[in-house]
Protein chains: 2
Amino acid sequence: MSNYSSHPQFFVSVDCIVFGFNKGSLQVLIHQRPYSPGFGEMSLIGGFVEKEESIDISARRILKEFTGLDSVYMKQLATFGEVERDPGERVISILYYVLINVDKYDNNLSEIHNAKWVDVNTIPNLCFDHNKMVEMARTSLGAAIKVEPIAKYLLPKYFTLSHLQALHESIFNTPIDKRNFRRSIAEKDYIKATDMIDKDSSKRGATLYTFD
Amino acid sequence: MSNYSSHPQFFVSVDCIVFGFNKGSLQVLIHQRPYSPGFGEMSLIGGFVEKEESIDISARRILKEFTGLDSVYMKQLATFGEVERDPGERVISILYYVLINVDKYDNNLSEIHNAKWVDVNTIPNLCFDHNKMVEMARTSLGAAIKVEPIAKYLLPKYFTLSHLQALHESIFNTPIDKRNFRRSIAEKDYIKATDMIDKDSSKRGATLYTFD
DNA sequence: TCAAAAGTGTTAAGTTTACACCCATGA
DNA sequence: TCATGGGTGTAAACTTAACACTTTTGA
């Protein structure tokens, strides 16, 4: 049998950068910490890994708690293990980023958790190393969205190309040429036009698209 | 003060995929496990994170133990936290890949640790999820080497373009056109020709190049 | 009737790929 | 003299970037 008992054990936490696309821009869910250390400071959502729970399952449990959502798109990014990174006790933290459809977010939970959505381009000061984590996640999301159909998890089932473009512009924080953008989308076989028209966001009406 | 004590603690280990470039191909350092679980099976090198030691420092300590080298190029890749991944006890493992110059590797350590170098394209069965880890590392190394001057850490100070090409071919496990390869290298400003000639690997002699 | 968002093509620049022969030298 | 690895250029295909006007319709 194994004998690992000469080695120390550590608290392990999961931190999640929850991205949502709201009012034309990419936002991140943060909340005010209700406990020390960092009491009252703004923080990513997170929690501790429990016994008999894989780190992925742990992330899902924490997300359920903070968003009310059961199945979300999650991707592990990195692990932070500096000895002093949490000023309370030593905690090794595993970072995930998470994509959710804000229409399904349970707004009641904002009050319970003192949570709010903030624009990814104007993130306030967060506790510990959390600002660094957000930048890392945004870079990674940018690389992924060029190549994988993950915008699906941020958008409603049907969306206009202007919405999709606003999402990309928000992630890269830069304007994109409309014609080039539409061509690049037309080349992706996982995004399809429907025969529905959205009349809410323009007078003329815009074709609604969907994934797959 | 913090009160984390209601949460469980875990063993945390570091696993390292040590890459070296030897005899024209990319190799990985593995060793035979001298303890259970997995006794006698081949394994990546690794060890436990200790108290007051950041995970990066932990990786450096373990590398020193297995290679004799103090400063190596290291990159954190991912963390594995399935409950049953280690059949002994639950261990959360943080994966790094590491690039070393095999000329500086202390060969005496191979005997002490039952270690050996194996070609990245013919890795034997390794214990636990270690084969999966190697594939992940190779993919990540491939993406990085196209863009960053990290071949520096695998090669001697002076090298021929044929050596560098062999390294790329080994990483991608595919032949590369010599003229196209040389053009792409000429465009990188961090690789420079010297006025030295290598007479060892060809009769005619080949220009030696170096990083920066 | 006009403001606001939808929609649509072409050209130039740059990048990537495919491809074959001569050179210098030691054995 | 010949086998071995070193070294070199060009054309076609493809990808990316830059750029402006017309359409529809509700207010």
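Model, not experiment: these values are computed from the prediction. Note on naming: letters A, B, ... go to the chains in the order of the sequence lines (proteins, then strands), and numbering restarts at 1 for each one.
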Whole angstrom value for the distance that separates P of D/dG5 from NE2 of B/His163: 11 Å
If you pin A/Gly205 and B/Ser162 to their nearest nucleotides in DNA chain D, which one's is more 5'? B/Ser162
When we call it a touch if two heavy atoms are under 4.0 Å apart, what does B/Ser201 touch: a base, just sugar-phosphate, or nothing? sugar-phosphate
With a non-hydrogen cut-off below 4.0 angstrom, is A/Ser184 in contact with a base, only sugar-phosphate, or nothing? nothing
Using the test side chain to side chain contact (heavy atoms under 4.5 Å, CB included), find all partners of A/Glu41 that sit at least two apart in sequence or belong to another chain. A/Cys127
State which residues pass side-chain hydrogen bond (donor to acceptor under 3.5 Å, both in side chains) with B/Ser93; sequence neighbours excluded, sorted by chain then number. B/Ser13, B/Asp15
Without placing hydrogens or testing angles, list every side-chain donor-acceptor pair under 3.5 Å for residues 128-137 of chain A, not counting sequence neighbours.
| from | atom 1 | to | atom 2 | distance (Å) |
| --- | --- | --- | --- | --- |
| A/Asp129 | OD1 | A/Arg85 | NH2 | 3.2 |
| A/Asp129 | OD2 | A/Arg85 | NE | 3.0 |
| A/His130 | ND1 | A/Leu44 | N | 3.0 |
| A/Asn131 | OD1 | A/Leu126 | N | 2.7 |
| A/Asn131 | ND2 | A/Pro124 | O | 3.0 |

Taking any atom closer than 4.0 angstrom to a non-hydrogen atom of chain A, what span of DNA chain C does the protein reach, first nucleotide to last? C/dA3 to C/dT10
Please tabulate, one pair per line, all N/O donor-acceptor pairs under 3.5 Å involving side-chain atoms of residues 154-164 of chain B, not counting sequence neighbours.
| from | atom 1 | to | atom 2 | distance (Å) |
| --- | --- | --- | --- | --- |
| B/Thr160 | OG1 | B/Ser162 | N | 3.4 |
| B/Thr160 | OG1 | B/His163 | N | 3.1 |
| B/Thr160 | OG1 | B/His163 | ND1 | 3.2 |

Taking side-chain hydrogen bond (donor to acceptor under 3.5 Å, both in side chains) as the definition, give me every residue that meets it alongside A/Tyr209, ordered by chain and number, with sequence neighbours left out. none
So which pairs with a foot in residues 96-110 of chain A pass side chain to side chain donor-acceptor pair (under 3.5 Å), sequence neighbours left out? A/Asp56-A/Tyr96, A/Tyr105-A/Ser110, A/Asp106-A/Asn108
Set of side-chain hydrogen bond (donor to acceptor under 3.5 Å, both in side chains) partners for B/Asp119, sequence neighbours left out: B/Ser25
Given A/Tyr153, which partner from the list A/Tyr73, A/Phe21, A/Phe211 fulfils the ring pair (Phe, Tyr, Trp, His ring centres under 6.0 Å) test? A/Tyr73
OP1 or OP2 of D/dG5 less than 4.0 angstrom from a side-chain nitrogen or oxygen of B/Thr160, does that happen here? no
Nucleotide by nucleotide, 5' to 3', does protein get under 4.0 Å of the base (B), only the sugar-phosphate (S), or neither (-) in nucleotides 13-23 of chain D, counting heavy atoms? ----BBBB--B
Taking atom C1' of D/dG26 as reference, at what distance in whole Å does atom NZ of A/Lys203 sit? 5 Å
